[in-house]
Amino acid sequence: MELKSSTINVLFVLIFACSSRILGAFSNGGESTVKQQNPVKRSDFPSGFLFGAATSAYQVEGAYSEDGKSLNNWDVFCHSKGCGENGENGDVADNHYYMFMNDIEMMHSLGLKAYRFSISWSRILPRGRFGEVNPLGIMFYNRIIDNLVLKGIEPFVTIHHGDFPQELEEKYGSWLDPQMQDDFVHFADTCFKSFGDRVKYWITINEPNLVTEMGYERGVYPPNHCSQPFGICLAGDSDVEPLFVMHNMLLAHGKTVKLYRETYQPKQSGLIGLVAHCFMYEPLTDSDSDHKAAERALIFNIGWSFDPPIFGDYPQEMRDYHGSDLPRFSPEEKDFMKNSIDFIGINHYSAIYAKDCTNSSCSETANRAIKGFVEITGERDGVLIGEPTSMPRFFVVPRGLEEIVNYVRDRYNNKPMFITENGYSSPKVQDIKVEEIVNDVKRIEFHQAYLASLAKAMGNGADVRGYFIWSLMDNYEWTQGYKVRFGLHYVDRVTFNRVPKLSARWYQDFIKNNSQVDLLGITTPKLVHKQAYLYDI
Ligand code: NOJ
């Protein structure tokens with residue numbers, strides 16, 4: 001059902017009028033939450049802090065075979081297998097390819113300071129390095145970037161977010177083959193050359209640790225590789241392929257940063273980073289072995305992703321468990337890998353319990369090196385770690401953001417960080433009405449609580465430079481389809497009209513430092529230190 005903007009506005013006024021004291025805070029696994037007088041405010045963060053929202057190409061663009069774009073791995077995977085409920089796919093997605101001007105207007109009216117989006121590899125290089133650049137693809141992103149800059153919104157560009165030309169899969173097996181490193185560098189080079197005069201923040205690869213798990217261990221994302229007991233696939237080896245894929249991704253990252261630093265950074269003065277999927281792991285019990293398991297899970301995710309581009313090699317603990325299965329960097333590779341990020345990108349959605357498998361019994365899939373001999377669970381003694389969402393492993397645990405930021409700060413000597421994604425997907429409800437979807441009080445509570453938690457970490461000195469809500473609008477949630485909604489805006493699946501949710505209005509007010517909504521929260525400490533910025537914007 002379609003809602004008119006005027007109806008929505010009336011709805012907002014009513015809801016806001018009644019919500020000076022909205023209750024119903026997130027229950028935190030039995031931990032009671034505090035109804036607070038002083039919700040987190042914009043002024044609790046430094047003045048140049050980038051408040052933004054994020055999307056990715058396959059999830060919003062659509063136009064999957066228009067203007068010279070070739071088929072990518074997700075197009076082919078979803079066409080052949082059918083993704084999401086009822087075989088949904090990203091063919092049309094949010095029709096952003098044709099509605100980007102409207103979407104930029106929407107961002108502008110929210111007051112966003114930055115927009116994180118990704119470049120569709122097969123739109124600008126339909127045949128990877130084996131063919132020409134597609135000028136229409138370049139034009140599309142130029143128009144986005146130019147219009148963002150015109151509106152004072154910082155373009156925060158992810159070079160690779162899941163999708164690549166299918167030809168690279170068919171020719172040599174994509175990320176399983178070192179040739180993919182050369183293709184990636186060529187792609188990144190094309191981006192720097194075409195857009196680098198205006199883009200000051202680059203992310204090479206989004207969530208390599210999750211892509212390897214979903215595509216090569218569990219086999220639920222393309223290229224659908226796995227082995228038993230993880231699943232039944234036509235090809236794959238769940239115990240070792242993820243290690244090779246990660247290795248190629250990390251080397252692709254390192255080579256790209258070398259190129260950027262040598263050829264572009266001196267003129268273009270941008271920053272470049274890498275983003276990982278960062279769960280916070282908490283011990284399931286107070287036992288020493290569960291504490292060690294939680295630490296191990298962090299190392300097997302955060303350390304796996306960021307130790308090589310910061311320290312130049314994998315964590316020793318991973319070598320201890322994987323032995324010769326873990327690839328090695330040559331001395332020359334170690335050299336360019338080391339210190340190859342300007343900032344750390346944290347995608348954080350949840351905390352989860354970690355249980356040790358070396359001393360107690362676990363499922364067959366957890367009791368192996370690729371999982372660090374750690375089983376994860378959202379439940380302790382029948383109580384969930386936090387309120388569930390529509391994503392199976394995502395629970396609402398606001399303290400997790402402070403904990404993960406502290407962990408990253410301590411492990412990497414307080415390197416600049418961005419929270420590149422944080423968001424809430426409302427539990428799926430059958431036949432839900434649009435009026436209910438846009439009245440997303442829970443999403444506001446979520447962001448308030450997580451921002452308060454972030455402010456706490458920053459109050460203790462963590463160098464965090466920005467926070468991006470996932471997502472600007474409801475979009476295609478990979479194999480979960482369109483019913484999992486993370487957006488600040490509802491998108492009508494027939495007309496593609498965007499309807500601001502209550503959370504959009506809240507974010508707008510928050511960014512203006514004018515939040516009227518007094519919801520749940522944790523007492524927010526005032527920031528003691530204001531952060532310095534590498535770039536004034
Ligand atoms: C992280 C991924 O980067 C994004 O593509 C996805 O939609 C969100 N997590 C939510 O699952």
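Small disclaimer: the values here were computed from a predicted structure and weren't measured.
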Salt bridge Asp177-Lys171, side-chain N to carboxylate O under 4.0 Å: no
Can you name the residues that form a ring pair (Phe, Tyr, Trp, His ring centres under 6.0 Å) with [X], not counting sequence neighbours?
X      : result
His108 : none
Phe311 : Tyr412
Phe140 : Tyr97, Phe100
Tyr476 : Tyr58, Tyr482

Arg328 CZ: over 12 foreign heavy atoms closer than 6.0 Å: no
Greater than 12 external heavy atoms within 6.0 Å of Lys338's NZ: no
Flag for Thr158-Arg116: side-chain donor and acceptor within less than 3.5 Å: yes
Donor-acceptor side-chain pairing of Gln166 and Asn72 below 3.5 angstrom: no
Contacts of type side chain to side chain contact (heavy atoms under 4.5 Å, CB included), residue [X], not counting sequence neighbours:
X      : result
Asn406 : Glu402, Arg409, Ala457
Pro223 : Glu169, Tyr216, His225
Asp440 : Arg443, Lys501, Leu502, Ser503

Please list every donor-acceptor pair under 3.5 Å in which a side-chain atom of residues 144-151 meets a protein atom from a residue at least two apart or in another chain.
residue: Asp146; atom: OD1; partner: Arg198; partner atom: NH1; Å: 2.7
residue: Asn147; atom: ND2; partner: Arg143; partner atom: O; Å: 2.7
residue: Lys151; atom: NZ; partner: Glu105; partner atom: OE1; Å: 3.1

All side-chain hydrogen bond (donor to acceptor under 3.5 Å, both in side chains) counterparts of Ser56, not counting sequence neighbours: Gln59
Non-neighbouring partners of Arg127 that pass side-chain hydrogen bond (donor to acceptor under 3.5 Å, both in side chains), sequence neighbours left out: Glu167
Pairs touching residues 185-196 that satisfy side chain to side chain donor-acceptor pair (under 3.5 Å), sequence neighbours left out: Asp189-Tyr264
Residue pairs fulfilling salt bridge (Lys or Arg N to Asp or Glu O under 4.0 Å) with at least one residue in residues 64-78, sequence neighbours excluded: Lys69-Asp75
